[in-house]
Amino acid sequence: MVDRLEQSKALAGEARLAILGWLAESDRHFGHQATGAPSEIGVCVTLIAEKLEMAQPTVSRHLELLRRAGFLSVNKIGRWSYFRRNEAAIEDYKRWIDEHL
């Protein structure tokens, strides 16, 4: 069962909203990623941390909140983690908001 409260809390932060916005256009915002196309493999935590101008552990916490809420998926390649939006979960949340507000 989807925890709507956890999802709502995950969206209650400027950094997390910025991450979701950037990942919606990942090739535009992170096209300089050397390991592969962001739209295909996701975006490396390091690049997200650089864009946010935050320490990597802080960014990892934001990413984990979004992942637990279902809004992000993670792709592990070697020791690196690459994040991308889970569009189905985001659309489901939007429908739920529309039905309940």
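Given the structure is predicted, the values throughout are model-derived calculations rather than measurements. Keep in mind that the numbers below use all heavy atoms, side chains included, and drop hydrogens, waters and symmetry copies.
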Non-neighbouring partners of [X] that pass salt bridge (charged side-chain N to carboxylate O under 4.0 Å, His left out), sequence neighbours left out:
X: Glu91; value: Lys94
X: Asp3; value: none
X: Glu6; value: Arg68

Gly42 versus Arg84, closest heavy-atom pair with distance: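 For Gly42 versus Arg84, the nearest heavy atoms are CA-CB, 4.1 Å.
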
Shortest non-hydrogen contact from Ala69 toward Ala10: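 The pair with the smallest heavy-atom distance is CB-CB, 3.6 Å.
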
Salt bridge (charged side-chain N to carboxylate O under 4.0 Å, His left out): pairs with one or both residues in residues 22-41, sequence neighbours excluded: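 Checked against salt bridge (charged side-chain N to carboxylate O under 4.0 Å, His left out) - neighbours excluded - the pairs reaching residues 22-41 are Glu25-Arg28.
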
Would you say the side chain of Leu66 lies within less than 4.5 Å of the side chain of Ile19, judging by non-hydrogen atoms?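 Contact flag for Ile19/Leu66 side chains = yes.
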
Got Phe83 and Val43 here, is their nearest side-chain heavy-atom distance under 4.5 Å?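 Contact flag for Phe83/Val43 side chains = no.
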
Using the side-chain hydrogen bond (donor to acceptor under 3.5 Å, both in side chains) criterion, which residues pair with Asp92? Sequence neighbours excluded.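 Applying side-chain hydrogen bond (donor to acceptor under 3.5 Å, both in side chains) to Asp92 gives Arg4.
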
Arg85: which residues meet the side-chain hydrogen bond (donor to acceptor under 3.5 Å, both in side chains) condition with it, sequence neighbours left out?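 With neighbours one apart ignored, the set is Glu87.
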
Transitive ILVMFWY cluster of Ile41 at side-chain heavy atoms under 4.5 Å: who else is in it?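 Traced through the cluster, Ile41 reaches Ile77, Trp80, Tyr82.
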
Once rounded to the nearest 0.5 Å, what's the spacing between atom OG of Ser81 and atom CD1 of Ile48?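 Rounded to the nearest 0.5 Å, the OG-CD1 separation comes to 10.0 Å.
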
Rounded to the nearest 0.5 Å, what separation is found between the CZ atom of Arg67 and the OG atom of Ser73?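 Going from the CZ atom of Arg67 to the OG atom of Ser73 covers 10.0 Å.
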
Apply ring-ring contact (aromatic ring centres under 6.0 Å, His included) to Phe71 and list each qualifying residue two or more places apart in sequence or on a separate chain.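 ring-ring contact (aromatic ring centres under 6.0 Å, His included) list for Phe71, sorted by chain: Tyr93.
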
Non-neighbouring partners of His100 that pass ring-ring contact (aromatic ring centres under 6.0 Å, His included), sequence neighbours left out: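 His100 satisfies ring-ring contact (aromatic ring centres under 6.0 Å, His included) with Trp96 once adjacent residues are dropped.
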
Please output the side-chain donor-acceptor pairs of residues 51-63 that fall under 3.5 Å, not counting sequence neighbours, one pair per line with the distance.
unit_1	atom_1	unit_2	atom_2	d
Ser60	OG	Gln56	O	3.0
His62	ND1	Arg16	NH1	2.9

Do Leu65 and Ile90 sit in the same hydrophobic cluster, where Ile, Leu, Val, Met, Phe, Trp and Tyr count as joined when their side-chain heavy atoms come under 4.5 Å apart?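 Not linked; separate clusters.
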
Same cluster for Val2 and Leu72 if Ile/Leu/Val/Met/Phe/Trp/Tyr side chains link at under 4.5 Å?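 Cluster IDs for Val2 and Leu72 differ.
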
N/O donor-acceptor pair under 3.5 Å between Gln33 side chain and Cys44 backbone: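 Yes, the answer is positive, given that a donor and an acceptor are paired below the 3.5 Å cut-off.
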
Pairing residues for Leu17 by the side chain to side chain contact (heavy atoms under 4.5 Å, CB included) criterion, not counting sequence neighbours: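 Result, side chain to side chain contact (heavy atoms under 4.5 Å, CB included) vs Leu17: Leu11.
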
